[in-house]
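For reference, the structure is listed below as structure tokens.
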Amino acid sequence: MYSFRFSFCVVTTLEYGIETLSYYLCPFKTIASMSVPTTYSFSVENLVNIGLKNSENIHYQLTPHELVQHTLQMGEGVLTDSGALSIVTGEFTGRAPKDKFTVKDEITEPSVHWNDFNVPMEEKYFDVIYKKVLQHLNDKKNIWIRDCYACADPRYRLNIRVVTEKPWTNLFAYNMFLRPTEEELEDFTPEWHVISAPDLKLDAKECGTRQHNATVVSFKHKTILIAGTGYTGETKKGIFSILNYILPQEKNVLSMHCSANMGADGDTAVFFGLSGTGKTTLSADPKRKLIGDDEHGWTEDNVFNFEGGCYAKLINLSAEKEPEIFHAIRPGAIVENVTFFPGTNKINFDDATITENTRVSYPLDFISNALEPSIGNIPKNIFFLTCDAYGILPPISKLTKGQAMYQFISGYTAKVAGTEAGVTEPKPTFSACFGAPFLPLHPGKYAEMLGRKMQKHKVNVWLINTGWTGGPYRVGHRMKLSHTRAMITAALEGKLDNAGTIIDPVFGLSIPTEVPGVPSDVLIPKNTWADKNAYDEKAKYLAGLFVKNFEKYAAGVSEEILAAAPRV
Ligand code: ATP
Ligand code: MN
């Protein structure tokens with residue numbers, strides 16, 4: 001067992017600054033029932049220097065099995081019939097973008113693109129929240145610490161120390177980040193800290209927050225504080241955000257909100273898309289090696305995964321349609337916010353009583369054909385995934401260079417009723433670079449890097465509508481997953497290179513008229529609508545939304561990109 005008990009003596013007053021804190025570590029006592037592992041030793045001095053003092057039990061680097069046992073003992077989880085840990089995340093079952101703050105200091109003030117997703121917080125409030133979080137954890141009987149890292153390419157490795165109030169948040173970090181070897185742990189120095197205190201409710205006035213929960217990122221202190229929310233996704237997307245700052249700006253690496261996989265002859269495909277568009281689902285392809293399902297970097301010579309795990313949606317999951325994900329629900333995996341069939345521990349995948357956003361997290365190697373390490377070649381194909389609930393965009397189309405840039409900057413998808421309270425009609429969303437909530441820099445930075453790389457490497461770019469066909473939401477239905485998969489396979493195998501195409505009159509997209517394994521009438525959206533006039537009207541409406549959204553970028557882009565706008 002890798003479990004320790006440490007006690008810490010504070011020799012300075014508790015101040016917020018990690019760098020300014022110096023703590024003296026008292027000799028640790030081991031608990032009789034927990035033995036010190038003989039297989040590895042690591043630097044005790046290095047373990048905690050952030051101001052944790054009174055926690056009687058600091059559980060460092062526990063195994064998944066131990067973390068599951070702790071969760072069960074605390075009554076915070078149960079096992080599913082397939083042996084996964086099932087937990088509920090509490091009040092929050094999704095990210096809270098309005099409660100994510102970036103500390104405005106001399107580092108971020110001039111460099112961060114301040115907007116609805118990059119909300120500034122004064123430094124003084126970070127100090128207040130930091131103290132509160134530390135106090136909260138110091139009052140706890142147990143806390144869990146995990147050393148891990150992000151970025152599979154060792155040139156960009158980012159060491160992370162995750163400090164958690166809950167054992168299951170710690171297991172999430174084990175599943176989702178990269179796991180250092182015992183040797184690597186010996187001289188592990190954390191660069192960034194993530195400190196998670198879900199049960200801490202903040203006083204908004206005192207803490208400068210919107211309400212009782214917040215995720216606060218400080219680049220100066222290299223710390224992410226998560227308070228008042230137990231949603232595990234905050235942890236991974238917090239680190240994603242900081243990598244979206246560091247990599248493009250300091251390392252000349254394009255960071256991307258995308259999944260990626262690689263074919264037998266080393267051809268890499270990346271799949272950009274907003275939440276729910278199919279990144280995780282479509283990258284799990286038994287014929288291709290999985291690089292990662294959500295966050296990647298594109299360097300001069302490769303594409304690498306930031307993470308060490310996947311975070312897949314469970315709503316309506318079936319073993320037949322998504323076997324890889326289904327079989328990853330096993331010991332070590334964490335399922336979130338699901339319900340069971342009465343009297344059983346069998347997950348009812350169709351039940352959205354707690355949330356539509358039911359999830360499972362698991363280490364990458366739970367997918368049988370995961371690439372290890374998760375580093376692939378330069379992309380040969382890029383897919384932009386959109387879930388168009390209006391049923392207007394074609395299920396597959398090939399983009400010109402200008403169109404690719406136009407679509408990337410636009411980042412269109414549509415939310416449907418049911419996911420968010422108050423949404424009764426499809427709600428169009430334009431999210432720059434298919435990931436605006438996670439991008440600290442101006443979208444132009446990422447777009448410009450992608451444009452250069454696409455041109456240099458002559459990448460094929462495809463737009464895939466995984467959303468509605470046969471009419472809009474409520475009238476038509478979601479594109480069949482088997483059809484979307486067949487279209488992607490055809491594109492990857494070069495079967496569309498010489499296919500006949502027609503040009504969509506409004507969006508200008510080049511649509512293949514034949515795709516192996518897909519009935520041709522699915523390919524042209526208008527043909528799938530009973531009411532052709534209604535189609536034309538909706539197409540015009542959607543085109544108008546694109547044009548309106550693009551107004552804010554129009555001044556800064558080339559003629560070629562502007563020419564790719566839909567015709568209203
Ligand atoms: P996030 O960024 O939130 O992780 P994601 O892009 O990874 O989102 P997925 O988890 O892949 O999105 O979700 C896509 C969902 O849509 C899955 O539940 C999948 O079963 C469902 N789906 C239905 N039809 C299709 C289709 N034609 N293509 C892709 N996904 C589909
Ligand atoms: Mn995903």
Side-chain angles (χ1 to χ4, degrees), residues 107-108 111-112 146-162 173-181 183-194 217-224 235-262 266 268 270-272 279 283 289-311 363-365 370-379 382 433-435 438-441 445-450 452-454 456-457:
I107 300 170
T108 56
S111 50
V112 166
R146 163 136 261 116
D147 286 344
C148 45
Y149 64 93
C151 299
D153 184 330
R155 293 173 297 181
Y156 307 103
R157 175 172 295 194
L158 182 89
N159 281 351
I160 307 163
R161 175 161 294 162
V162 184
Y174 174 90
N175 285 350
M176 294 306 300
F177 295 122
L178 286 147
R179 295 156 286 273
T181 61
E183 207 176 15
E184 286 167 334
L185 280 174
E186 278 178 35
D187 54 358
F188 187 95
T189 311
E191 190 178 348
W192 273 79
H193 284 78
V194 180
V217 181
S218 166
F219 283 89
K220 191 196 268 180
H221 302 295
K222 297 192 171 175
T223 297
I224 302 173
T235 307
K236 76 167 221 117
K237 281 298 194 329
I239 290 296
F240 184 45
S241 296
I242 64 128
L243 288 169
N244 280 321
Y245 180 92
I246 298 167
L247 292 176
Q249 186 160 256
E250 294 167 18
K251 318 265 179 182
N252 193 31
V253 172
L254 171 63
S255 53
M256 309 178 286
H257 188 214
C258 70
S259 60
N261 63 22
M262 203 164 83
T268 295
V270 302
F271 304 82
F272 283 93
K279 292 184 299 299
S283 60
K289 289 196 173 298
L290 178 68
I291 302 173
D293 83 325
D294 201 48
E295 310 171 4
H296 293 83
W298 182 345
T299 73
E300 290 299 309
D301 48 35
N302 69 20
V303 162
F304 68 88
N305 191 356
F306 294 169
E307 303 180 285
C310 298
Y311 194 37
L364 263 168
D365 62 12
L371 190 62
E372 184 84 43
S374 30
I375 304 175
N377 295 322
I378 300 280
I382 292 177
C433 314
F434 298 101
F438 321 112
L439 304 180
L441 307 174
K445 174 75 185 170
Y446 311 93
E448 185 247 330
M449 288 181 89
L450 182 73
R452 261 193 291 118
K453 285 180 183 293
M454 283 189 322
K456 178 170 171 198
H457 301 290

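On a predicted model such as this, the values are computed, not experimentally measured, just so you know.
- Using a 4.5 Å cut-off on side-chain heavy atoms (C-beta onward), Glu307 and Asp293 make contact.
- When all heavy atoms of Ser218 and His221 are compared, the pair lying nearest together is OG-N, 3.0 Å.
- Atom NZ in Lys237 sits 3.5 Å away from atom CG in Asp294 (nearest 0.5 Å).
- Of all heavy-atom pairs between Leu247 and Cys151, the closest is CD1-SG, 4.4 Å.
- Under the ring-ring contact (aromatic ring centres under 6.0 Å, His included) criterion, Phe438 pairs with Phe240, His257, sequence neighbours left out.
- Side chains of Lys251 and Thr299 form no contact here, defined as non-hydrogen atoms less than 4.5 Å apart.
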- Query: Should Trp192 and Phe219 be marked as a ring-ring contact (aromatic ring centres under 6.0 Å, His included) after you check the CA-CA gap, both sets of side-chain angles, and the distance that decides it?
  - Reply: CA-CA 9 Å; Trp192 273 79; Phe219 283 89; 5.5 Å; yes
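- Evaluation of the ring-ring contact (aromatic ring centres under 6.0 Å, His included) rule for Phe177 yields no partner, not counting sequence neighbours.
- For the pair Phe434/Cys258, no side-chain contact is recorded, criterion being any heavy-atom separation below 4.5 Å from C-beta on.
- Contact of the His296 side chain with the Thr268 side chain is not registered, since no non-hydrogen atoms from C-beta on lie closer than 4.5 Å.
- Between Cys310 and Leu364, the closest side-chain pair of non-hydrogen atoms falls below 4.5 Å.
- One finds the CG atom of Asn377 at 11.0 Å from the NE2 atom of His457 (value rounded to the nearest 0.5 Å).
- Qualifying side chain to side chain donor-acceptor pair (under 3.5 Å) partners for Tyr174, counting only residues two or more places apart in sequence or in other chains: none.
- Side-chain contact between Asp153 and Val253 is absent, with no heavy-atom pair separated by less than 4.5 Å.
- Counting only heavy atoms from C-beta outward, the side chains of Glu300 and Lys456 approach each other to under 4.5 Å.
- Contact between Cys148 and Leu178 at its shortest, heavy atoms only, is CB-O, 3.3 Å.
- Side-chain atoms of Ser283 do not come within 3.5 Å of backbone N or O of Asn261 as any donor-acceptor pair.
- Residues Tyr446 and Leu254 share a closest heavy-atom pair of O-CD1, 3.6 Å.
- Checked for salt-bridge contact, Glu184 and Arg157 meet the test: a charged N lies under 4.0 Å from a carboxylate O.
- Ser374 places no side-chain N or O within 3.5 Å of a backbone atom of Ala370 that could act as its donor or acceptor partner.
- A donor and an acceptor atom, one from each side chain of Thr108 and Tyr245, are nowhere located under 3.5 Å apart.
- Taking CE of Met454 as the start and CE of Met449 as the end, the distance is 13.0 Å to the nearest 0.5 Å.
- In this structure, NZ on Lys445 lies 11.5 Å from OG on Ser111, to the nearest 0.5 angstrom.
- Between Ile160 and Phe188, the shortest heavy-atom contact is O-CZ, 3.5 Å.
- For Phe272, the ring-ring contact (aromatic ring centres under 6.0 Å, His included) test picks out Phe384, Phe408, with sequence neighbours left out.
- The closest donor-acceptor contact from the side chain of Asn175 to the backbone of Gly309 lies at 3.5 Å or more, if one exists at all.
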- Message: As a quick check of understanding, evaluate side chain to side chain contact (heavy atoms under 4.5 Å, CB included) for Leu450 and Trp298, giving each step before the final call.
- Response: CA-CA 9 Å; Leu450 182 73; Trp298 182 345; 3.8 Å; yes
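- Using a 4.0 Å cut-off between charged side-chain N and carboxylate O, Asp365 and Arg179 make no salt bridge.
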- Quick one: do Val217 and Ser241 satisfy side chain to side chain contact (heavy atoms under 4.5 Å, CB included)? Show the steps, please. CA-CA 9 Å; Val217 181; Ser241 296; 5.5 Å; no
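- A donor-acceptor contact under 3.5 angstrom links the side chains of Ser255 and Asn244, judged on distance only.
- Considering only heavy atoms from C-beta on, Gln249 comes within 4.5 Å of Leu441 through its side chain.
- The side-chain contact (heavy atoms from CB on, under 4.5 Å) search around Leu371 returns Met262, Lys289, Ile291, not counting sequence neighbours.
- Distance check: Asn302 CG to Ile378 CD1 gives 6.5 Å after rounding to the nearest 0.5 Å.
- The salt bridge (Lys or Arg N to Asp or Glu O under 4.0 Å) test applied to Glu372 returns no partner, not counting sequence neighbours.
- Rounding to the nearest 0.5 angstrom, the gap separating the CD1 atom in Ile239 from the CD1 atom in Ile224 is 4.0 Å.
- The heavy-atom pair separating Leu158 from Leu243 by the smallest distance is CD2-CD2, 4.2 Å.
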